[in-house]
Amino acid sequence: MHLIRSVLFAILLAVITVPYALVAMLIFWLPPMTRHRIITSWVPIMMWVIRHVLGIRYRVLGAENIPAGPAVVLSKHQSAWETIALQQIFPPLCYVLKRELLRVPFFGWALAQIPGIAIDRGAGKDALAQVIEQGRARLKEGLWVVVFPEGTRVAPGAMRRYKPGGAFLAKRAGVPVVPVAHNAGEFWRRNAFLKWPGEIVVSIGPLIEVKGVKVEEINTRAEAWIEGEMRRLFPHHYAGQPFGEPVEAEPDAENGDR
């Protein structure tokens, strides 16, 4: 049954995404935020498919912590699920992503028409400057910015060093940080064709204000809350693992955070 569900999902993903990509390329002349609204109407459709075909539901804790104005979201990254679902949970947003993704047929072509932050990961320190410059522009436009501070998808129970790019952006833009923990990787694993039904829990933490706080402290607070919440909600993944001890994951091209 899981195989049938996963095959059907893959078919529907292609059937739905390809027309959206074609529409995205045809509306290049529209204002950026108009393109964003049209193209991201793909999200609720796919979330319906994920729920009713794959049997993956989700529950949000801490929704009252979502501020009225733009913010930088620092989120745990375990699967492709959250790249879709966070767009439904939060106000209009964009992601920091690897520039090469924009060349992926159909999906990347549509992605290129949405205001975002596409960076060259090989640019070293210049990549951070790209995140800050483009990120501040997106925030001024009213978009939220999602950064995966670990820089890659990690398996449940694993963690990597939290990179400070998102904290730098929040500090420079003068907007708060919203930390997010979740267990999407339990049901939708990295690069796995098979998906498993169940309920994903998404926990949104208290705002981390940036005024008068150093970048390193912002990043440390976000990491402490996210990793602490992961262990509180999903302790079965962390049995015998000391808090703060990194369990490295393989590099992933999905995210471009520095």
Side-chain angles (χ1 to χ4, degrees), residues 21 24-25 27-40 42-43 66-77 80 82-84 86-87 89-104 107-153 161-180 207-211 213-216 218-219 222 251-258:
M25 289 184 288
I27 62 173
F28 67 91
W29 52 274
L30 292 174
M33 293 303 293
T34 301
R35 297 200 307 267
H36 187 283
R37 286 194 298 271
I38 293 173
I39 297 169
T40 56
W42 172 91
V43 171
I66 299 176
V72 173
V73 176
L74 297 186
S75 174
K76 196 72 178 176
H77 193 22
E82 60 268 19
T83 65
I84 303 171
L86 292 181
Q87 298 182 70
I89 295 170
F90 288 101
L93 54 79
C94 66
Y95 291 92
V96 176
L97 52 88
K98 187 179 178 180
R99 186 176 296 164
E100 286 77 0
L101 283 177
L102 304 182
R103 295 198 289 266
V104 175
F107 177 79
W109 301 341
L111 201 59
Q113 299 303 320
I114 302 176
I117 303 170
I119 67 168
D120 177 6
R121 293 186 69 179
K125 292 183 179 180
D126 288 341
L128 177 58
Q130 294 170 24
V131 170
I132 294 171
E133 180 183 0
Q134 296 180 48
R136 291 178 69 180
R138 300 291 86 79
L139 289 162
K140 286 181 179 178
E141 292 167 356
L143 288 173
W144 290 43
V145 176
V146 177
V147 179
F148 299 120
E150 292 169 284
T152 183
R153 288 172 290 186
R161 180 178 64 86
Y162 278 51
K163 301 175 184 179
F168 263 112
L169 171 58
K171 180 69 175 178
R172 293 288 183 87
V175 300
V177 164
V178 180
V180 174
L207 288 185
I208 300 173
E209 297 292 348
V210 301
K211 186 176 181 179
V213 184
K214 293 182 178 180
V215 169
E216 294 77 10
I218 296 168
N219 202 46
D252 178 26
E254 183 174 314
N255 186 291
D257 180 36
R258 300 302 299 178

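It should be emphasised that the depicted structure is a prediction, and the values quoted were computed from it without experimental measurement.
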* For Phe168, check ring pair (Phe, Tyr, Trp, His ring centres under 6.0 Å) against everything at least two apart and list the hits. =>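 Counting only residues at least two positions away or on another chain, Phe168 forms no ring pair (Phe, Tyr, Trp, His ring centres under 6.0 Å).
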What are the two closest heavy atoms between [X] and [Y], and how far apart are they?
X      : Y      : value
Gly165 : Leu128 : CA-CD1, 3.8 Å
Pro70  : Val175 : O-CB, 3.7 Å
Gly166 : Val72  : O-CG1, 3.8 Å
Val177 : Pro179 : O-CD, 3.7 Å
Leu169 : Ile132 : CD1-O, 3.8 Å

Is the shortest side-chain heavy-atom distance between [X] and [Y] below 4.5 Å?
X      : Y      : value
Leu93  : Leu143 : no
Arg99  : Gln130 : yes
Val145 : Val73  : no
Ile27  : Gln113 : no
Val96  : Val146 : no
Pro91  : Ile66  : yes
Leu74  : Ile208 : no

* With rounding to the nearest 0.5 Å, note down the distance linking CG in Leu97 to CZ in Phe148. =>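 One gets 10.0 Å once the value is rounded to the nearest 0.5 Å.
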Sub-3.5 Å donor-acceptor pair from the side chain of [X] to the main-chain atoms of [Y], do we have one?
X     : Y      : result
Arg35 : Ile114 : no
Gln87 : Val43  : no
His36 : Cys94  : no
Tyr95 : Ile117 : no

* Quick one: sort the Trp144 and Phe90 rings into parallel, tilted or perpendicular, breaks at 30° and 60°. =>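 It falls in the tilted class, 30° to 60°.
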Considering residues at least two apart in sequence or located in another chain, which fulfil the side chain to side chain contact (heavy atoms under 4.5 Å, CB included) criterion with [X]?
X      : answer
Pro176 : Ala71, Leu207, Glu209
Ala21  : Phe106, Ala110
Ala167 : Val215, Ile218, Asn219
Glu133 : none

* Asked: Just one of Val178, Val180, Thr83 clears the side chain to side chain contact (heavy atoms under 4.5 Å, CB included) bar with Ser75, so which one?
  ->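 When side chain to side chain contact (heavy atoms under 4.5 Å, CB included) is applied between Ser75 and each of Val178, Val180, Thr83, only Val180 qualifies.
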* Are the charged groups of Glu150 and Lys76 less than 4.0 angstrom apart, N to O? ->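 Answer for the salt bridge query: yes.
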* To do: Give the intermediate values and the outcome of side-chain contact (heavy atoms from CB on, under 4.5 Å) for residues Arg136 and Gln134.
  => CA-CA 6 Å; Arg136 291 178 69 180; Gln134 296 180 48; over 6 Å; no
* Residues that Glu141 engages under salt bridge (Lys or Arg N to Asp or Glu O under 4.0 Å), provided they are two or more places apart ->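 Applying salt bridge (Lys or Arg N to Asp or Glu O under 4.0 Å) to Glu141 gives Arg138.
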* To do: Kindly write out the residues that satisfy side-chain hydrogen bond (donor to acceptor under 3.5 Å, both in side chains) with Arg37, not counting sequence neighbours, or none if the list is empty.
  =>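 Applying side-chain hydrogen bond (donor to acceptor under 3.5 Å, both in side chains) to Arg37 gives Thr34.
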